[in-house]
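Contents: one structure, followed by commentary.
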Amino acid sequence: MEVEASQNIGYACINLSLQAEKVTTNRGMIKKTFQEKGIAYASQLALKNVQDLLTIVDWNLAHGFRIFRVSSDLFPWASEYKISSLPDFSEIRATLEEIGRRPIRLTVHPGPFNHLAGQGHVLENTIKDLEYHSDVFDLMGLRPSHWNKINIHAGGTYGDKTATLIRFAQNFRLLSENLRARLTIENDDRPTLYTVTDLVPVYETIGTPIVFDYFHHSLNPGYQTEEEAFMTAYKTWDVRPVVHFSDSRQTREDPKARREAHADWLYSPVNTYGKEVDIVFEAKMKEQAVMRLTGEMTI
DNA sequence: AACCGTCAAGGTGAA
DNA sequence: TTCACCTTGACGGTT
């Protein structure tokens, strides 16, 4: 694969090489433990997670990875407290600031429980979780923009795609200014959910760029070719776009696997249609899959 | 230290 | 109607 000099490539959340040495950013606990040990223990785990994130970021830079998806599990039970109230806050903040100074494009991908078009407590939980991610980027000192995207799926359709996306756009106005400046939306992998074209009205209403996921598009193309969908998403960006790429486990590694399952490794060439984009690869073998793909990518 | 049942959240489709 | 799954398996009690 040819990679343009200014183009960034990376992977999601976990570095397998470092994880083998217990360097990880997703230390957490089950509910019972949180009830027993409270935020003092959450603080200890969060501090370790954040310190290890710095190690991973530096490893990435040393190995030529200049975009990285940060884990959403950095702060265990983040919905239950303010980060600034943690006992280790000053050390956590200092480490986050250090991370924020590194020349790497950091992004996040909050989980599937976020439904910005939801109502009642579903919407409340979603706003809380998204604001938490934005707070972390604020603490890193990252200027709010789509460069450091907070990327989510539109969520369920509630039986009516159009009406749901209108509600999504309305609820967007409930978010903080910094979060609004960072939010992006991604196309889904199932025909009942949202294609790139489905998401265009959201972009037109509230200006959230569309992250193009090649694999999801292949499973749920709607009426667009890959190139058309790529270009549709590409045009929604005000900074260099990010795309997601992965291969199917079923077609490449295990005929019995679900079609939507990601493969361990990467196989297909990425066609960026002559455009400069940053690519986040989603393969189970993480950085090792990307390094196998690109050969000697250490710069 | 290795095993394995269980684990916050919402919506979805397959079993 | 139960269950696995999704962005990203990992926790923790038991052997």
Side-chain angles (χ1 to χ4, degrees), chain A residues 10-16 18-20 22-37 41-42 44-45 48-49 52-53 56 67-81 106-130 132-133 149-161 164-165 167-168 171 183-194 211 213 215-216 219-220 242-246 248-250 256-264 280-289:
Chain A
Y11 57 98
C13 306
I14 293 170
N15 179 300
L16 293 176
L18 291 172
Q19 191 177 56
K22 305 288 179 211
V23 175
T24 172
T25 63
N26 47 18
R27 296 173 185 85
M29 58 190 142
I30 61 173
K31 190 175 189 176
K32 185 156 83 83
T33 308
F34 181 61
Q35 285 165 346
E36 286 164 8
K37 302 190 176 180
Y41 185 52
Q44 287 176 32
L45 295 181
K48 283 186 184 167
N49 284 341
D52 282 358
L53 178 59
I56 294 171
I67 182 169
F68 183 63
R69 182 187 303 168
V70 176
S71 167
S72 292
D73 297 330
L74 226 44
F75 291 83
W77 294 94
S79 57
E80 304 303 310
Y81 53 82
L106 298 176
T107 70
V108 284
H109 195 353
F113 301 108
N114 286 289
H115 298 284
L116 190 53
Q119 291 164 304
H121 75 279
V122 175
L123 177 59
E124 282 175 36
N125 291 346
T126 299
I127 292 175
K128 199 182 271 187
D129 191 40
L130 296 179
Y132 145 74
H133 284 87
K149 71 184 166 68
I150 295 176
N151 178 50
I152 57 172
H153 290 270
T157 62
Y158 300 89
D160 185 340
K161 278 190 191 182
T164 301
L165 289 182
R167 214 161 55 239
F168 184 101
N171 291 342
L183 202 73
T184 63
I185 43 177
E186 177 181 339
N187 58 307
D188 288 291
D189 63 359
R190 300 211 301 275
T192 54
L193 297 179
Y194 302 96
V211 171
D213 187 305
F215 183 41
H216 292 169
L219 295 168
N220 179 28
V242 177
V243 297
H244 294 173
F245 191 91
S246 51
S248 168
R249 180 170 196 80
Q250 186 190 70
K256 296 191 296 296
R258 294 166 50 258
R259 235 156 57 94
E260 306 83 21
H262 288 172
D264 289 345
V280 175
F281 289 100
E282 297 170 336
K284 298 285 182 198
M285 289 309 288
K286 302 295 175 186
E287 86 286 356
Q288 296 178 22

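Hydrogens, waters and symmetry mates play no part in the numbers below; they use all other heavy atoms, side chains included. Within every chain, numbering begins at 1; the chains are lettered A, B, ... in the order of the sequence lines, protein sequences first and strands thereafter. The structure presented is a predicted model; accordingly, all values stated were derived computationally and were not measured.
- Counting non-hydrogen atoms under 4.0 angstrom, A:Glu282 reaches the backbone sugars and phosphates but no base.
- Nucleic acid contact for A:Thr126: none, since no nucleic acid atom lies under 4.0 Å from a heavy atom of the residue.
- Aromatic pair A:Phe68/A:Tyr11: ring centres closer than 6.0 Å.
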Taking Watson-Crick and G-U wobble contacts under 3.5 angstrom, with | marking pairs to another strand and [ ] crossing pairs, the secondary structure of DNA chain C is written ||||||..|||||||

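- Under 4.0 angstrom from either OP1 or OP2 of B:dA9 there lies no side-chain N or O belonging to A:His115.
- Salt-bridge formation is detected for the pair A:Lys32/A:Glu36: a Lys NZ or Arg NE/NH1/NH2 atom is positioned less than 4.0 Å from an Asp or Glu carboxylate oxygen.
- Side-chain contact, A:Asp52 with A:Thr24: no donor N or O sits under 3.5 Å from an acceptor N or O.
- Using a 4.0 Å heavy-atom distance criterion, A:His244 is classed as making no nucleic acid contact.
- Note on A:Phe34: nothing from the nucleic acid sits closer than 4.0 angstrom, heavy atoms only.
- Residue whose closest nucleotide on DNA chain C sits further toward the 5' end, between A:Ala261 and A:Arg27: A:Ala261.
- Whole-Å rounding puts the A:Glu260 CD to B:dG13 C1' distance at 9 Å.
- Distance check on atom P: C:dG9 versus B:dT12 gives 23 Å, rounded to whole Å.
- Mapping A:Glu186 and A:Lys32 onto DNA chain C by nearest heavy atom places A:Glu186 at the nucleotide closer to the 5' end.
- Comparing B:dG5 with C:dT7, their C1' atoms sit 24 Å apart, to the nearest whole Å.
- A:Leu116 pairs with exactly one of A:Val122, A:Leu123, A:Leu165 by the side chain to side chain contact (heavy atoms under 4.5 Å, CB included) rule, that one being A:Leu123.
- The CG-P distance, from A:Leu123 to B:dA9, rounds to 18 Å in whole Å.
- Using a 3.5 Å distance cut-off with no hydrogens or angles, the side chains of A:Asp129 and A:Asn114 do pair a donor with an acceptor.
- The CD atom of A:Gln119 sits 14 Å away from the C1' atom of B:dG11 (whole-angstrom rounding).
- Across all strands shown, A:Thr24 has no heavy atoms under 4.0 Å from either base or sugar-phosphate atoms.
- Across all strands shown, A:Gln35 has no heavy atoms under 4.0 Å from either base or sugar-phosphate atoms.
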Apply side chain to side chain contact (heavy atoms under 4.5 Å, CB included) to residues A:Thr157 and A:Tyr194 and explain how you reach the verdict. CA-CA 8 Å; A:Thr157 62; A:Tyr194 302 96; 3.7 Å; yes

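- Spacing of C1' atoms, B:dC7 relative to C:dC3, comes out at 14 Å, to the nearest Å.
- Side-chain atoms of A:Ser72 and A:His109 include no donor-acceptor pair closer than 3.5 Å.
- The footprint of chain A on DNA chain C, defined by a heavy-atom cutoff below 4.0 Å, extends from C:dC5 to C:dG13.
- A:Asp129 comes within contact range of no nucleotide atom at all, as no heavy-atom separation falls under 4.0 Å.
- The distance between atom NE2 of A:His153 and atom P of B:dT12, rounded to the nearest whole Å, is 14 Å.
- Under 3.5 Å, the side chains of A:His153 and A:Asp188 contain a donor-acceptor pair of N or O atoms.
- Regarding A:Phe113, its CZ atom lies at a distance of 11 Å from the P atom of B:dA8, rounded to whole Å.
- Among the protein residues, A:Arg69 comes within range of the nucleic acid bases, having at least one heavy atom under 4.0 Å from a base atom.
- Between C:dT8 and C:dG12, the distance separating the two P atoms is 23 Å to the nearest Å.
- The distance between atom CZ of A:Arg258 and atom C1' of B:dA15, rounded to the nearest whole Å, is 13 Å.
- Put simply, the side chain of A:Trp77 never gets that close to the backbone of A:Gly28: no donor and acceptor are under 3.5 Å apart.
- In the model, A:Arg190 has no side-chain atom that pairs as donor or acceptor with a side-chain atom of A:Asn220 under 3.5 Å.
- We find that CD of A:Glu124 is positioned 15 Å from C1' of B:dG10, with the value rounded to whole Å.
- Note on ring orientation: taking the six-membered ring where Trp is involved, the planes of A:Phe34 and A:Tyr81 are tilted (angle from 30° to 60°).
- What separates OH of A:Tyr194 from C1' of B:dG10 is a distance of 13 Å, to the nearest Å.
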